[in-house]
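Everything below concerns the one structure shown next.
For ligands, and for the atoms within them, numbers begin at 1 and follow the listed sequence.
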Amino acid sequence: MPRDATGHLTIGRVSGPREVPGFITRPEYVGKAAPTPFTGSNVKTPEQVEKIRAAGKIAARAIQLVGEACKPGVTTDELDRIGHEFVISQGAYPSTLGYRGFPKSLCSSINEVICHGIPDDTVLIDGDIINIDITAFKDGFHGDSNVTFIVGQAKPEVELLVERTHEALMRGINAALPGRSVNIIGRAIETYAKRFNYGVVRDFTGHGVGEAFHSGLVIPHYDSAPHYADEIKVGMVFTIEPMLTLGTHEWEMWTDDWTVVTKDRSITAQFEHTIFITEDGPEILTLA
Ligand code: MF3
Ligand code: CO
Ligand code: CO
C-alpha cells in the first residue's frame, strides 16, 4: 500500500496512540496546539548542559537500537514501538509525541522523504535508506539527534550520499567555534555538498534546544550570510542537522501536513547532533 507503481512512497496507515507511564513528565506542549514560545537563553549553565547530555544519550541509544532493527520486512510502526519503549524505559518522554500534533515517538524518513516522516505500515525493503530522528525529554531538557541507516545494500550513489551527509554534519560541527556567526556552519556544509552537486535543503534548519524543543535560534545548513549572523557563544546548545539530496533542494509537503519530500523525488539523507560550545570548540551531547 504505501508505495506507488513507480516505487515512490505514499501515505500509510498510522496506528493508535502509544502510552507513556504517568510518572514520566511531559513537555508543556503536549495536549496543546503549539508550544509556548521560549524566552530564555540559548547559553546554558553547566548543570543544564549535563541534563541535555543525559537526554541526548537516551536519544542516541534509542536511535542505535532502532537502527539495528532497520532490516527488510520491518514496518516503520514497529520501529516507532522499539524507540518508544526504549525512551520510556529510561524514564524519558519521546519529545515528538504530541509536538504540534505529531502522532508518534520518532520521525522515520525514507528515501525521498527529507524529514518528519510519520511511522506507519510502510515495510522497509532492501536498498532503502531511512532516517531515524529521536528526541528525548528528561529532567526538563531535550536532547535531539538523528541518523540515516541503509537497509541491506543501496546503490553506490546513495551509499555515498549517506556517507557524505554525515561528513557534512561533522564539518558543520567543527566550524562552530565561539566568536563566529552561526552562518559559518552552513557555509562549511554547503561548500562541501556543492563539490558533489548535492542539493542543500534550506527551509528546515538546526535550532537551539534545551528547556524548549525548538528555542527560536535558527542554524541554517546553507551559506546564509549576511543573514543568521547570531554570534556563537561559549555555553550555547543547538542542533546541526543537514539534509542533502541527489537532486533539488526544493520540497513538497504531503497532505498529512508533516511528511516533507523532495520536489523531484530524489533521494535525500540527514544526520543530526545536539552540540555544546566550549571555549575550545564544539562538543557533541548526543553520543551513545
Ligand atoms: N527532531 C526534529 C528536529 O530535528 C523535529 C521533529 S518535530 C516533529 O528538529 F513534530 F516532526 F516530530
Ligand atoms: Co532537531
Ligand atoms: Co531531530
Within the 3.5 Å criterion, strictly below it, is a donor on R164 or Y198 matched to an acceptor on the partner's side chain? yes

Going by atom types alone, do H142 and S95 pair a side-chain donor with an acceptor below 3.5 Å?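 Yes, side-chain donor-acceptor contact under 3.5 Å.
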
Going by the 4.0 angstrom heavy-atom rule, the piece of S95 near ligand 1 is neither

Relative to ligand 1, is H207 under 4.0 angstrom through side chain, backbone, both or neither, heavy atoms considered?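 Side chain only; the backbone of H207 stays clear of ligand 1.
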
Would you call D128 and R3 a salt bridge, using N to O less than 4.0 angstrom?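 Salt bridge between D128 and R3, a charged N being under 4.0 Å from a carboxylate O: yes.
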
Does the pair R18/E85 count as a salt bridge with the N-to-O cut at 4.0 Å?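 The answer is no: the pair does not qualify as a salt bridge.
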
Can you tell me which N/O/S atom of H207 has the shortest distance to the Co ion (ligand 2)?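 Checking each N, O and S atom of H207, the shortest distance to the Co ion (ligand 2) belongs to NE2.
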
As a test of reading the structure, name the N/O/S atom of E241 that is nearest the Co ion (ligand 2).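 Nearest N/O/S atom of E241: OE2.
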
With only distance considered, is [X] within less than 3.5 Å of ligand 1 through an N or O on each side?
| X | value |
| --- | --- |
| E272 | yes |
| W258 | no |
| E241 | yes |

Count the heavy atoms belonging to other residues, nucleotides or ligands that lie under 6.0 Å from CD of E279, then report whether that count exceeds 12. no

Heavy atom of the protein closest to [atom] (residue, atom name, distance):
| atom | value |
| --- | --- |
| atom 12 (F) of ligand 1 | T96 CG2, 3.0 Å |
| atom 1 (N) of ligand 1 | D133 OD1, 3.0 Å |
| atom 5 (C) of ligand 1 | F213 CZ, 3.7 Å |

Is the centre of the H116 ring less than 6.0 Å from the centre of the Y99 ring? no

If the cut-off is 2.8 Å, does any N/O/S atom of D133 fall short of it from the Co ion (ligand 2)? no

Test the R26-Y93 pair against the cation-pi criterion, namely NZ or CZ under 6.0 angstrom from the six-membered ring centroid and within 45° of the ring axis.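 R26 over Y93 ring: no.
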
How large, to 10°, is the angle at the Co ion (ligand 2) when you draw lines to OD2 on D144 and to OE2 on E272?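 With the Co ion (ligand 2) as the vertex, the angle is close to 90°.
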
